[in-house]
Amino acid sequence: MRFKRLFTPGPTQVRPEILKELATPQIHHRSPEFSELYAAIQPKLQQVLYTRNPVLLFTSSSTGAMEAGVTNLVARRCLNLVNGAFSHRWHEITKGNGIPCDEFAIPWDKAIKPSMVDEQLATGKYDAVTLVFNETSTGTMNPLEAIAEVVRQHRDVFLLVDAVSGMAGAKIDTDAWGIDYVLAGVQKAFALPPGLAVAAVSERALERAKTVPPRSYYFNLPDMYKFHQKNQTPATPAIPHLFALNAQLTDMLAEGMDKRFERHATMAGIVQAWAKKHFDIYPEEGYWSQTLTCVKNTQSIDASAMVKTLASGYNARIENGYGDLKGKTFRIAHMGDLQVDEIQGLLRALDDILGF
Ligand SMILES: *Cc1c(COP(=O)(O)O)cnc(C)c1O
């Protein structure tokens, strides 16, 4: 099969050297070699997530870590902030697990504002709030730092953040912002194959999790933390992924996180300028994502046909709009290990296809 360049908001392109790590001869998950691997990964993850909190590893996609957040950390009632498909999914997960919750939904082309959160939390009904940092369905980056500041003023309310398509592509200052739980799957801006998720869990979150009746056997944070202290996981983890993660984290830190974020910002600027020139950008200005751009199809081009032509003629893939936004928007990801020249090449191919 030919190597196809992925400009999709997950899974993203994985470098061949990282793919090779997956083929490392297997080790046993109760062996000292495994604990060494786990222990090597931990401080690197903490650097990428700007935290001293433990970063737990989930052998699941991101959705599993979303489920772990609400099943372990809501003692009373959860507020689900919704402005897109993934934030709505988190509400469905919360509800589906029988956890008392309310959805606070706004139009999908708008960002969640700190004042909205403040107003909701002022009711005193909630002890946890879920937020999607980077709504992959709409290309909206919610103002996490400012929202976190508001949540901190409501002392007993825990902030749970889905940073799936943002983490490692935009800075999340986990400890400084007081985030209790922040998760991501590694198939987005980490540029690894799918199947593994990570989450940093605050001390007070781990404390509360002990008092919440267990709602899940597999996604039990106190249990995961118990094994974490021995540099292990409760069940057999995706060991091949951990080799790849370890190598990728080393490379990320060698690039430098600030440089990595700058590269994402540069690529975002290039794609946004292209989108503004020929189309428009779906979310409101000021909240455009640093890791993907959701282009508003103001020219009513056939987005499915464009995606197909790009795949067959140029061996690259972008993504149509998500759900109801299919056709009305299309999405170009600029995350992970993609480089500026690759983004420029993609836009030239799109210009070719569209006759610009
Ligand atoms: C991709 C994505 C998810 C779902 O991730 P899976 O790994 O497929 O479970 C959830 N939230 C956001 C913001 C995403 O981008």
Residues that Asp352 engages under side-chain contact (heavy atoms from CB on, under 4.5 Å), provided they are two or more places apart = Tyr314
query = Are a donor atom and an acceptor atom from the side chains of Gln153 and Asp118 found within less than 3.5 Å of each other?
reply = no
message = Are there over 12 heavy-atom neighbours, none belonging to Glu149, within less than 6.0 Å of that residue's CD?
response = no
inquiry  = Quick check against the 3.5 Å criterion: does His264 have a side-chain atom that pairs as donor or acceptor with the backbone of Gly336?
reply    = yes
request  = List in chain and number order the residues that pass side chain to side chain donor-acceptor pair (under 3.5 Å) with Thr291, two or more places apart in sequence or in another chain; answer none if no residue qualifies.
outcome  = Asn134, Ser289
task = Not counting sequence neighbours, which residues clear ring pair (Phe, Tyr, Trp, His ring centres under 6.0 Å) with His88? List them please.
result = none
Residue list, ring pair (Phe, Tyr, Trp, His ring centres under 6.0 Å) with Phe243, at least two apart or on another chain = none
message = Working to the nearest 0.5 angstrom, can you tell me the gap between Leu192 CG and Thr12 OG1?
response = 8.0 Å
request  = Starting from the C-alpha separation in whole Å, work towards a yes-or-no answer on side chain to side chain contact (heavy atoms under 4.5 Å, CB included) for Phe158 and Arg204.
outcome  = CA-CA 9 Å; Phe158 287 11; Arg204 68 171 190 162; 3.3 Å; yes
Residue pairs passing the salt bridge (charged side-chain N to carboxylate O under 4.0 Å, His left out) test where at least one lies in residues 222-237, sequence neighbours excluded = Asp223-Lys226
ask   = Can you tell if the side chain of Glu284 reaches within under 4.5 Å of the side chain of Asp109, non-hydrogen atoms only?
value = no
request  = Starting at CG of Leu57, measure out to CG of Leu45 and round the result to the nearest 0.5 Å.
outcome  = 6.5 Å
request  = Start with the C-alpha gap between Glu319 and Val307, add the side-chain angles, then the distance that decides, and say whether side chain to side chain contact (heavy atoms under 4.5 Å, CB included) holds.
outcome  = CA-CA 7 Å; Glu319 198 65 9; Val307 171; 5.8 Å; no
ask   = Does the Asn97 side chain pair with the main chain of Ile93, one donor and one acceptor, at a distance under 3.5 Å?
value = yes
key: Flag side-chain contact, heavy atom, 4.5 Å: Asn53 against Val201   = no
Heavy-atom side-chain contact between Trp274 and Ile332 under 4.5 Å = yes
query = Side chain of Thr250, backbone of Asn246: donor and acceptor closer than 3.5 Å?
reply = yes
key: Residues that Glu92 engages under salt bridge (Lys or Arg N to Asp or Glu O under 4.0 Å), provided they are two or more places apart   = Lys95
query = Between the main-chain N or O of Phe261 and the side-chain N or O of Gln290, is there a donor-acceptor pair closer than 3.5 Å?
reply = yes
message = For residues 234-256, which residue pairs pass the salt bridge (charged side-chain N to carboxylate O under 4.0 Å, His left out) check, not counting sequence neighbours?
response = Arg15-Asp251, Glu255-Arg260, Glu255-Arg263
task = Mark yes or no for whether Arg208, through its side chain, and Leu73, through its backbone, hold a donor-acceptor pair below 3.5 Å.
result = yes
request  = Please indicate whether Glu119 has more than 12 foreign heavy atoms, meaning atoms of other residues, nucleotides or ligands, lying under 6.0 Å from its CD.
outcome  = no
query = Considering all heavy atoms of both residues, which atom of Val70 and which atom of Cys78 are nearest to each other, and what is their separation?
reply = CG1-SG, 4.4 Å
key: Residue Lys259 excluded, over 12 heavy atoms near NZ under 6.0 Å   = no
message = Under a plain distance cut-off of 3.5 Å, with no hydrogens placed, do Glu21 and Gln248 share a side-chain donor-acceptor pair?
response = no
ask   = With a 4.0 Å cut-off, would you call Arg89 and Asp162 a salt bridge?
value = no
inquiry  = Less than 4.5 Å apart, side chain to side chain, heavy atoms only: is that true for Asp173 and Glu145?
reply    = no
task = Quick one: list whatever passes salt bridge (Lys or Arg N to Asp or Glu O under 4.0 Å) with Arg152, sequence neighbours left out.
result = none
query = Does the pair Val295 and Thr329 meet the rule for a side chain to side chain contact (heavy atoms under 4.5 Å, CB included), with working shown?
reply = CA-CA 5 Å; Val295 183; Thr329 64; over 6 Å; no
key: Side-chain heavy atoms of Gln187 within contact of Ser62, under 4.5 Å   = yes
request  = Run the numbers on Thr51 and Thr174 for side chain to side chain donor-acceptor pair (under 3.5 Å), then give the verdict.
outcome  = CA-CA 6 Å; Thr51 186; Thr174 304; 5.2 Å; no
task = Side-chain contact test, heavy atoms from C-beta onward, threshold under 4.5 Å: evaluate it for Leu338 versus Met267 and give yes or no.
result = yes
ask   = Just checking, any donor-acceptor pair under 3.5 angstrom between side chains of Asn80 and Asp102?
value = no
message = Is it the case that the side chain of Asp180 and the backbone of Ala205 share a donor-acceptor pair, with hydrogens and angles ignored and the cut-off at 3.5 Å?
response = no
Partner set under ring pair (Phe, Tyr, Trp, His ring centres under 6.0 Å) for Phe330, not counting sequence neighbours = Phe279
message = Please check: side-chain N/O of Gln120 versus main-chain N/O of Val117, any donor-acceptor pairing under 3.5 Å?
response = no
request  = Give the C-alpha distance, both sets of side-chain angles, the deciding distance and a yes or no for side chain to side chain donor-acceptor pair (under 3.5 Å) between Asn72 and Tyr181.
outcome  = CA-CA 11 Å; Asn72 283 269; Tyr181 186 80; over 6 Å; no
Aromatic ring proximity His228/Tyr38, centre distance under 6.0 Å = yes
request  = With sequence neighbours excluded, tell me which residues meet ring pair (Phe, Tyr, Trp, His ring centres under 6.0 Å) with Tyr322.
outcome  = Phe86
key: Pairs involving residues 288-308, ordered by first then second residue, that meet salt bridge (charged side-chain N to carboxylate O under 4.0 Å, His left out) (sequence neighbours left out)   = none
ask   = Okay, side chain of Trp90, backbone of Val132: is any donor-acceptor separation there less than 3.5 Å?
value = no
key: Spacing of CG belonging to Leu79 relative to CG belonging to Asp127, to within rounding of 0.5 Å   = 11.0 Å
request  = Give a yes or no on whether the backbone of Pro193 and the side-chain of His241 come within a donor-acceptor separation of less than 3.5 Å.
outcome  = yes
key: Non-hydrogen side-chain atoms of Phe190 and Met252 separated by less than 4.5 Å   = yes
Flag, side chain of Asp337 to backbone of Ala191, donor-acceptor distance under 3.5 Å = no
request  = Decide side chain to side chain contact (heavy atoms under 4.5 Å, CB included) for Leu325 and Trp108; before the verdict, give the C-alpha distance in whole Å, the side-chain angles of both, and the deciding distance to 0.1 Å.
outcome  = CA-CA 10 Å; Leu325 292 175; Trp108 281 23; 4.0 Å; yes
ask   = Should Glu135 and Lys110 count as an ion pair when the cut-off is N to O under 4.0 Å?
value = no
ask   = Should we say atom CG of Asp351 is surrounded by more than 12 heavy atoms from elsewhere, each under 6.0 Å from it?
value = yes
ask   = Roughly how far, to the nearest 0.5 Å, is the OG1 atom of Thr8 from the CG atom of Asn320?
value = 12.5 Å
message = Are the side chains of Met224 and Leu221 in contact, using a 4.5 Å heavy-atom criterion?
response = yes
remark   = Residue pairs meeting salt bridge (charged side-chain N to carboxylate O under 4.0 Å, His left out), one or both in residues 42-68, sequence neighbours left out, come to none
ask   = If you measure only the distance, is there a donor-acceptor pair under 3.5 Å linking the side chains of Thr233 and His29?
value = no
